[in-house]
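Input: a single structure, listed below in structure tokens.
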Amino acid sequence: MHLQRTHDAALVNWVVNHADVRPHVGAPEAGELDLSALVERPEHWFLIGEHGGFALLWTAPRTYEVHTFILRSGRGEWGNAARSEGIDFARRHGAKALWTRVPPQARHVERFARQGGMQPTGEVIETFGAPHRIFMMELD
């Protein structure tokens, strides 16, 4: 298991737009996503391994929003190990908090967040016309 920080927008875009991932990220009607501008920004961290990875987007000092894009082939044991490695990366690089949005009725996303140590904050944010619950964890 090794996640690497990447600045390769083509690789990130390929994973995010893969049929295993794309239906579950971004507005469905937006078509193919291009995250190149985000990948180029040094305050954001994109971590990729053999089955996908994570975007950790800077949202406030030492606070990052997590987006997960793991191919079907990496779900389960690989994804769980990758999640731990991503959290360790964030901690080593000075992050103090990670948060994510959990879409309505996405129990698998909530389970993945909870298993990694995130807890619901009680806050809700509207994303793509639907309420998403906020989950967050503080890092030591």
Side-chain angles (χ1 to χ4, degrees):
M1 161 64 53
H2 293 291
L3 293 179
Q4 299 291 324
R5 183 172 181 196
T6 187
H7 299 281
D8 183 346
L11 175 59
V12 170
N13 287 331
W14 180 85
V15 174
V16 168
N17 287 295
H18 190 282
D20 288 350
V21 175
R22 177 61 184 103
H24 311 290
V25 297
E29 68 277 0
E32 189 167 299
L33 299 177
D34 183 0
L35 303 184
S36 300
L38 293 173
V39 174
E40 293 171 4
R41 293 178 57 181
E43 69 270 24
H44 299 319
W45 302 330
F46 285 82
L47 307 175
I48 294 284
E50 92 178 273
H51 300 287
F54 307 93
L56 285 73
L57 305 181
W58 183 95
T59 57
R62 302 171 78 147
T63 304
Y64 295 82
E65 180 181 7
V66 179
H67 295 269
T68 303
F69 40 91
I70 296 177
L71 303 174
R72 188 166 289 127
S73 60
R75 295 180 189 161
E77 186 177 327
W78 186 92
N80 291 333
R83 179 186 56 224
S84 294
E85 195 171 317
I87 292 167
D88 289 343
F89 176 94
R91 185 179 287 118
R92 284 193 321 273
H93 288 84
K96 290 295 180 189
L98 300 175
W99 68 279
T100 195
R101 305 168 197 217
V102 175
Q105 301 178 12
R107 288 189 210 108
H108 65 290
V109 175
E110 179 176 336
R111 184 173 47 254
F112 190 74
R114 284 183 185 272
Q115 288 172 343
M118 290 193 173
Q119 294 297 316
T121 65
E123 298 164 292
V124 174
I125 187 171
E126 187 173 316
T127 301
F128 308 121
H132 286 56
R133 294 173 56 205
I134 302 299
F135 281 69
M136 186 173 186
M137 67 187 301
E138 292 187 24
L139 305 177
D140 309 39

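Positions are given from 1 along the sequence.
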Note: Leu3 and Gly49 closest approach over all heavy atoms is CD2-N, 3.5 Å

Review point. So, does Arg83 use its side chain to make a donor-acceptor pair with the main chain of Phe112 at under 3.5 Å?
Key: yes

Which of Glu85, Gln115, Arg75 passes side chain to side chain contact (heavy atoms under 4.5 Å, CB included) with Asn80? It is Gln115

Flag yes if Val102 and Met118 sit in one hydrophobic cluster, no otherwise; membership is Ile, Leu, Val, Met, Phe, Trp, Tyr, and two members link when side-chain heavy atoms are under 4.5 Å apart. yes

One should read off an interatomic distance between Thr63 OG1 and Met136 CE, to the nearest 0.5 angstrom, of 5.5 Å

message = Could you go through Leu56 and His93, starting from their C-alpha distance and side-chain angles, then the distance that decides it, and tell me whether this counts as side chain to side chain contact (heavy atoms under 4.5 Å, CB included)?
response = CA-CA 12 Å; Leu56 285 73; His93 288 84; over 6 Å; no

Q: Report, as yes or no, whether the 6.0 Å neighbourhood of atom CD on Glu43 holds more than 12 heavy atoms from other residues, nucleotides or ligands.
A: yes

- Query: Going by distance alone, is a donor N or O of one side chain under 3.5 Å from an acceptor N or O of the other, for Thr121 and Trp99?
  - Reply: no

Parallel, tilted or perpendicular: which one describes the rings of His44 and Phe46, with boundaries at 30° and 60°?
perpendicular

When rounded to the nearest 0.5 Å, the distance separating CD of Glu138 from CG of Leu98 is 10.5 Å

- Message: Please check: side-chain N/O of Asp20 versus main-chain N/O of Arg72, any donor-acceptor pairing under 3.5 Å?
- Response: yes

Aromatic rings His51 and Trp78: how do their planes relate, parallel, tilted or perpendicular, breaks at 30° and 60°? perpendicular

Rounded to the nearest 0.5 Å, the CZ atom of Arg114 sits from the CD atom of Glu110 at a distance of 4.5 Å

- [ ] Assess whether salt bridge (charged side-chain N to carboxylate O under 4.0 Å, His left out) is satisfied between Arg101 and Glu65, documenting all intermediate values.
- [x] CA-CA 8 Å; Arg101 305 168 197 217; Glu65 180 181 7; 2.6 Å; yes

The single option from Phe89, Phe54, Trp58 that satisfies ring-ring contact (aromatic ring centres under 6.0 Å, His included) with Trp45 is Phe89

On a heavy-atom basis, the closest approach of Asp140 and Lys96 is C-NZ, 4.1 Å

For residues Val66 and Val124: do they belong to one hydrophobic cluster (side chain heavy atoms under 4.5 Å, members Ile, Leu, Val, Met, Phe, Trp, Tyr)? no

Residues Pro131 and Pro104: closest non-hydrogen pair is O-CD, 3.3 Å

Separation between CG (Leu47) and CZ (Arg5), nearest 0.5 Å, reads 8.0 Å

Count I, L, V, M, F, W, Y as connected when their side-chain heavy atoms are under 4.5 Å apart, and connections chain through other members. Are Ile70 and Phe135 then in the same cluster? yes

Check your understanding: Same cluster for Val109 and Phe69 if Ile/Leu/Val/Met/Phe/Trp/Tyr side chains link at under 4.5 Å?
Key -> no

The reported gap from NE2 in His67 to OG1 in Thr100 (rounded to nearest 0.5 angstrom) is 6.5 Å

Between Ser36 and Asn13, the two heavy atoms sitting closest are OG-ND2, 3.2 Å

| Hey, are the side chains of Leu71 and Val21 touching, using non-hydrogen atoms and a 4.5 Å cut-off? | yes

To the nearest 0.5 Å, atom CG of Leu35 lies from atom CG of Leu11 at 11.5 Å

Correct closest heavy-atom pair for Arg133 and Pro120 would be NH2-CB, 3.5 Å

Any donor-acceptor pair under 3.5 Å from His132 side chain to Ala130 backbone:
yes

Would Asp8 and Thr6 count as having a side-chain donor-acceptor pair, cut-off 3.5 Å? no

